[in-house]
There are 2 protein chains.
Amino acid sequence: MATIEDVAKLAGLSRTTVSRVINDQPYVTEEKKQRILQAMDELGYVPNSSARRLRSQRTDTIAVLLPRITNPFFANLIESMEKKASQWGYQVIVCQTHDSEKKELDYLQLLKTKQVDGVVMTSLCNDWEVIEPYLESGPIVLCNEYMEEMAVPMVHMDHRKAAYESTIHLIDQGCKNISYVSGGSDTYLAEERKTGFLKALEERALPFLEAASVDWAIHVEDGRKVFNHIKDHHPIIDGVFTGSDEVAAGVVYEAVQAGWNVPDDLAVVGFDNQMLSLLMFPSVTTIDQPVAKMADRTIEVLVRQLMNPRANKARRYIYSHKLLVRNSTLKKQLVTNL
Amino acid sequence: MATIEDVAKLAGLSRTTVSRVINDQPYVTEEKKQRILQAMDELGYVPNSSARRLRSQRTDTIAVLLPRITNPFFANLIESMEKKASQWGYQVIVCQTHDSEKKELDYLQLLKTKQVDGVVMTSLCNDWEVIEPYLESGPIVLCNEYMEEMAVPMVHMDHRKAAYESTIHLIDQGCKNISYVSGGSDTYLAEERKTGFLKALEERALPFLEAASVDWAIHVEDGRKVFNHIKDHHPIIDGVFTGSDEVAAGVVYEAVQAGWNVPDDLAVVGFDNQMLSLLMFPSVTTIDQPVAKMADRTIEVLVRQLMNPRANKARRYIYSHKLLVRNSTLKKQLVTNL
DNA sequence: TTGTAGGCGTTATCAC
DNA sequence: GTGATAACGCCTACAA
């Protein structure tokens, strides 16, 4: 492997001059520059990135923590973040926590060990007190996940409002017995959604049917189980709120299989506007998040903080959702599949 | 940021001894070891990974190149690879090429610049002649994508056979005019599929309807366009072969919307057995790939080569698929939605 | 405009 | 068992 020294020798110049050429710095005669470029070419020289990192104390790399990349919401987030980051000259590394507190901390270690310059967290497993100390090692930006009053930038939607709206929509469609189906994480975000859901019930003077609710549903499979649970134990349920299009799809699928009429027997709302929700039959009402915008903003905020470490650390960027009404909730009306 | 030197000073010992403790090497008295561990703890010391990398010439990192992470097939692949790699103490970095030759080469640069120890390629944009030289910088393993006779390990399915089988299945169901819908990449893999498709037609003495075929379909949206194309210009088509569940889903969706009967008017097969294909109505016949097995094997082969650079470089690992027959192809028969 | 030299934090080698 | 010391490859004052 050729080093800068080899190039310098071959070109008959010093390491310094070669380094200047590598880094596009001024004060190099065009002629010598050419000589060096040729030497680099001849030797197939490429700068060793570990050495550069060690020397410059920068990695030009950002870690993005997320639960699992197979969740299309996070896949889309990464997709956009990576695009944006590369525009700024940053690499993105994908870190799947699989909802494990330990893994989350392991990945935050990347910040300490200087393998990355900054971190984006899209979910939170550990308590904030545990995470906060890592801020000493580099900036962290929250995207999607959020909390009250923290000294880090946060980019997110108002999940309370989103949940409120879709619940109101269910009620408007005539649902009286709504089951609340969630994934069981006890994050602030989950809490927000539940708050919004409960607020809607309260406003319309409907009871919260805790027994008929579920807090362990994450995947399509779980959604199917949820439906069977409802059918067998709580057939009174006529509406389902879920925090995930996958789960909603599972519920709808199984309900249809069982001969239930969706939405007339059971109306279902999802979350995230994944392709799936549109393609299901019937198509599933859901909440559209401005994923690309949030991703872009997140990277922008992080990069800005990387460039200017004493930037305002506490700003919040709140994006608005869109309730997409589809056939899984349009009761007793003649509609075309959107 | 504390360095090894700081720890050494605080413990009243030398860097060497500290280094020994860090790396679990013998020849350190238990007592001094404890002193050092305490010092590390006190200073919040963590080894600087750039320095280690520079010194050891290893990164313990593997790059996985793929077209786009939003494609569930690749997301699943990454999911498994990461799990396996971490068991071996390797990190995985996800590199999206977006089918760009330039990006693919940019990422292969990681190998040259020593940012990663090895590379997995799951798709191929550039010609092999362009990629081959990078082998000098470190091992490359192909997963999913493959070619004839190359000096790198390859882990993949027999796509020719898979395509052959699903085409035969279409024909067995009574299809006489089958449209071949692909994504237009001219990789060996795509060629293999087409070969299998053509072989089936030939065996059953059916013509290849080139005019009614399409080579630009990748996403759900494309699938919808494909259907409309067929409806408007080639209504004679009664079967569609696609190399992607997304495209198949788009075709099925649009066909149902247009009032066609799937499968009786139009039978459709997909590829990859994504959740989508099961949940669609009607559910979509598809090819199941042993994703996790291929991913595991790929990482194993790569790691083995990393540990023993002169291992057999040319081995092939071929996995078998499974044709999952579902309702999108079961013509004129009474079946339940699987 | 170019070169010299020191150090980023670690580990391997070799003495003691 | 332990500790100097010399790299790993690069960048950057500072000198020339």
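Only heavy atoms go into these numbers, but all of them, side chains included; no hydrogens, no water, no symmetry mates. Letters A, B, ... mirror the listed sequences (proteins, then strands); counts begin at 1.
- Side-chain polar atoms of B/S14 and B/T17 form a donor-acceptor pair below 3.5 angstrom.
- Mapping B/Q25 and B/S50 onto DNA chain C by nearest heavy atom places B/S50 closer to the 5' end of the strand.
- For B/R20, the side-chain atoms get nearest to C/dC14 when compared with the rest of D/dC11, C/dG3, C/dC14.
- Between A/T3 and D/dG9 there is no side-chain N or O to OP1 or OP2 distance below 4.0 Å.
- Donor-acceptor pairing under 3.5 Å, judged by distance alone, is present between the side chain of B/R55 and the base of D/dA7.
- Relative to the side chain of A/N48, the nucleotides D/dG3, D/dG9, C/dT2 differ in distance, and D/dG9 lies closest.
- The shortest distance between the side-chain N/O atoms of B/K32 and the OP1/OP2 oxygens of D/dG1 is not below 4.0 Å.
- Distances shorter than 4.0 Å separate some side-chain N or O of B/S14 from OP1 or OP2 on D/dG3.
- With hydrogens and angles left out, the side chain of B/T16 and the base of D/dA4 share a donor-acceptor pair within 3.5 Å.
- In terms of phosphate contacts, A/T17 brings a side-chain nitrogen or oxygen within less than 4.0 Å of OP1 or OP2 of C/dG3.
- The aromatic rings of A/Y146 and A/H156 sit parallel to each other, their planes meeting at less than 30°, with 60° as the upper class boundary.
- When heavy atoms are screened at a 4.0 angstrom cut-off, A/P26 is found touching no nucleic acid atom at all.
- A salt bridge does not link A/R53 to A/D60: none of the charged nitrogens lies less than 4.0 Å from a carboxylate oxygen.
- Comparing atom distances between the B/Q57 side chain and each of D/dC8, C/dT4, C/dT10 picks out D/dC8 as nearest.
- Between A/D296 and A/K83 there is no salt bridge, since no side-chain nitrogen of the basic residue lies less than 4.0 Å from a carboxylate oxygen of the acidic one.
- Not one side-chain nitrogen or oxygen of A/S56 sits closer than 4.0 Å to the OP1 or OP2 atom of C/dC8.
- Comparing B/E5 and A/G12, the nucleotide of DNA chain C nearest to each residue sits closer to the 5' end for A/G12.
- The base of C/dA12 is not paired with the side chain of B/R15 by any donor and acceptor separated by under 3.5 Å.
- Considering only side-chain atoms of A/L13, the nucleotide from C/dG3, D/dC10, C/dT11 that sits closest is C/dG3.
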